[in-house]
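A quick write-up on the structure given underneath.
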Amino acid sequence: MSTINRQIRLAARPVGEPRPTDWEHVEEPVEQPGDGEILVQVLCLSIDPAMRGWMNAGRSYIRPVEIGEVMRAGAVGRVVASRHSGFAVGDHVSGTFGVQEYCVSDGLGVTKVDPAAAPLPTYLGTLGMSGLTAYFGLIEVGRPEPGQTVVVSGAAGAVGSVVGQIAKILGCRVIGIAGGEAKCRMVVDEFGFDAAIDYQSEDLRKALREHAPDGVDVYFDNVGGEVLDAVLLRLARGARIVVCGAISQYNSTKPQGPANYLSLLVNRASMTGIVVFDWADRYAEGIAQMAAWRAEGRLKSLEDVVSGSVAEFPDTLMRLFRGDNRGKLVLKIAD
């Protein structure tokens, strides 16, 4: 075990896209756990669009990362020292360990995971927060019914790909929106969506009319902006819009709100924001169901794993906003 803990700390609040000067690279001695604590060696970091929002000051669903603080990140790791009765050396665990090589934790919010049952990155994706967001957001807020039309933006991403697959399991017709021919092909061929729309090369409104002639019953929104506005014009009566994210807006200095929101009134539709933490007491239920679907071959996992070091976190994060990733983006920093 190394005696040095390398970290990435927030040095400044970004304006627009994060820049190298917004980060501080720090090295400090590895802490040792006290009574009731564990020391975790971080193996894989979860790279999420939500990180961009956590860097901003102001009120949100979670407190912002403070200047000088280790950047918040979900992760999986291995317990390398323990003074906690619930964890033993060698246990693999997931939790919010931050962008660093080692983390001392009191065990709150830390969950044991089994690398024999699924690869560790999967516990950050389909069997982690991304999958849980998809599961509860679609089922509890989207409330899809068999035969209904579900549209998912960011369909090749960590959350969107799982949303579409669950909607298919529930008997829905599923249309994915993604950027680029390769991603759209993957959405249909690998994840089993009924159709995919390439927003980069197709007329989105025309394609939605073609693929959803009777309207959209459930829209799971991961991107916001112009894509949201286009789908608003195709809502069916009583449609449900699940607002999960708006990656098209996160680095904008002039965010765009929906221009076509009156479609909610005309179609007696609803738009509801979701935060996965609201279902924390049911995480085990969601993971058990998705693990069962995965074991049956009905739910596929896709992790885009970048091998590197903590120092490569800033560049890896920017892959999300360039649209370079497919599935769940993970930075692997140790074996």
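Values in this document were obtained by computation on a predicted structure and should not be read as measured data.
- At distances below 3.5 Å, at least one donor-acceptor pair connects side-chain atoms of Asp229 with backbone N or O atoms of Ala259.
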Would Lys183 and Asp198 satisfy salt bridge (Lys or Arg N to Asp or Glu O under 4.0 Å), going step by step from the backbone distance to the final call? CA-CA 8 Å; Lys183 286 187 177 181; Asp198 182 358; over 6 Å; no
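- A salt bridge is absent between Asp217 and Arg237: the closest approach of a Lys/Arg side-chain nitrogen to an acidic carboxylate oxygen does not fall below 4.0 angstrom.
- At a cut-off of 3.5 Å, with distance as the only test, no side-chain donor of Lys300 or Ser161 sits close to an acceptor on the other residue.
- Between the side chain of Glu140 and the backbone N or O of Gly137, no donor-acceptor pair lies under 3.5 Å.
- Side-chain atoms of Thr126 do not come within 3.5 Å of backbone N or O of Ser301 as any donor-acceptor pair.
- Here the side chain of Arg234 pairs no donor or acceptor atom with the backbone of Arg205 at under 3.5 angstrom.
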Between Asp91 and Lys112, is a salt bridge (Lys or Arg N to Asp or Glu O under 4.0 Å) present by the stated rule, with each step listed? CA-CA 7 Å; Asp91 284 346; Lys112 293 182 185 179; 3.7 Å; yes
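- Residues Ile177 and Val231 have side chains in contact (heavy-atom distance under 4.5 Å, counting atoms from C-beta outward).
- At most 12 non-hydrogen atoms from other residues, nucleotides or ligands lie less than 6.0 angstrom from CD of Glu181.
- Judged by distance alone, with hydrogens and angles left aside, the side-chain atoms of Arg173 form a donor-acceptor pair with the main-chain N or O of His211 at under 3.5 Å.
- Side chain to side chain, Thr111 and Tyr283 fail the donor-acceptor criterion of an N or O pair below 3.5 Å.
- No donor-acceptor contact under 3.5 angstrom links the side chains of Asn5 and Glu101, judged on distance only.
- Tyr219 is not listed as a side-chain neighbour of Met271, based on a closest heavy-atom distance of 4.5 Å or more.
- Residues Asn260 and Ser263 bring no donor and acceptor atom of their side chains to less than 3.5 Å of each other.
- No side-chain heavy atom of Val310 sits less than 4.5 Å from a side-chain heavy atom of Leu331.
- Under the 4.5 Å side-chain criterion, counting only non-hydrogen atoms from C-beta, Val242 is not in contact with Thr272.
- Put simply, the side chain of Leu317 reaches to within 4.5 Å of the side chain of Phe321, judged on heavy atoms.
- A donor-acceptor pair under 3.5 Å is absent between the side-chain atoms of Asn222 and the main chain of Gly245, judged by distance alone.
- Side-chain contact of Arg13 with Asn56: a donor-acceptor pair under 3.5 Å is absent, judged by distance alone.
- Within the 4.5 Å cutoff, the side chain of Val93 has heavy atoms near those of the Val79 side chain.
- There is no side-chain donor-acceptor pair under 3.5 Å between Glu37 and Ser105.
- By the 4.5 Å heavy-atom criterion applied to side chains, Pro33 and Ile38 are not counted as neighbours.
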Under the criterion side chain to side chain donor-acceptor pair (under 3.5 Å), I'd like the reasoning laid out for Thr122 against Glu303: C-alpha separation, chi angles, the key distance, then a yes or no. CA-CA 7 Å; Thr122 303; Glu303 290 83 39; 3.2 Å; yes
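- A distance-only check finds a donor-acceptor pair linking the side chain of Asp22 to the backbone of Arg19 [under 3.5 Å].
- Remark: the Arg72 side chain and the Thr96 side chain contain no N/O donor-acceptor pair separated by less than 3.5 Å.
- In this structure, a donor-acceptor pair under 3.5 Å is present between the side chains of Asp221 and Ser153.
- Under the 3.5 Å distance criterion, with hydrogens and angles disregarded, a donor-acceptor pair is assigned to the side chains of Arg240 and Gln148.
- In this structure, Trp279 has its ring center no closer than 6.0 Å to that of Tyr135.
- Between Asp304 and Arg326 there is no salt bridge, since no side-chain nitrogen of the basic residue lies less than 4.0 Å from a carboxylate oxygen of the acidic one.
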Let me see the working for Gln7 and Glu28 under side chain to side chain donor-acceptor pair (under 3.5 Å), right down to the final yes or no. CA-CA 8 Å; Gln7 306 171 325; Glu28 65 177 30; 3.2 Å; yes
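- Leu39 and Val42 are assigned to two separate hydrophobic clusters, defined by single-linkage of ILVMFWY side chains at heavy-atom distances under 4.5 Å.
- Counting only distance, with no hydrogens or angles, the side chain of Glu31 and the backbone of Cys103 share no donor-acceptor pair below 3.5 Å.
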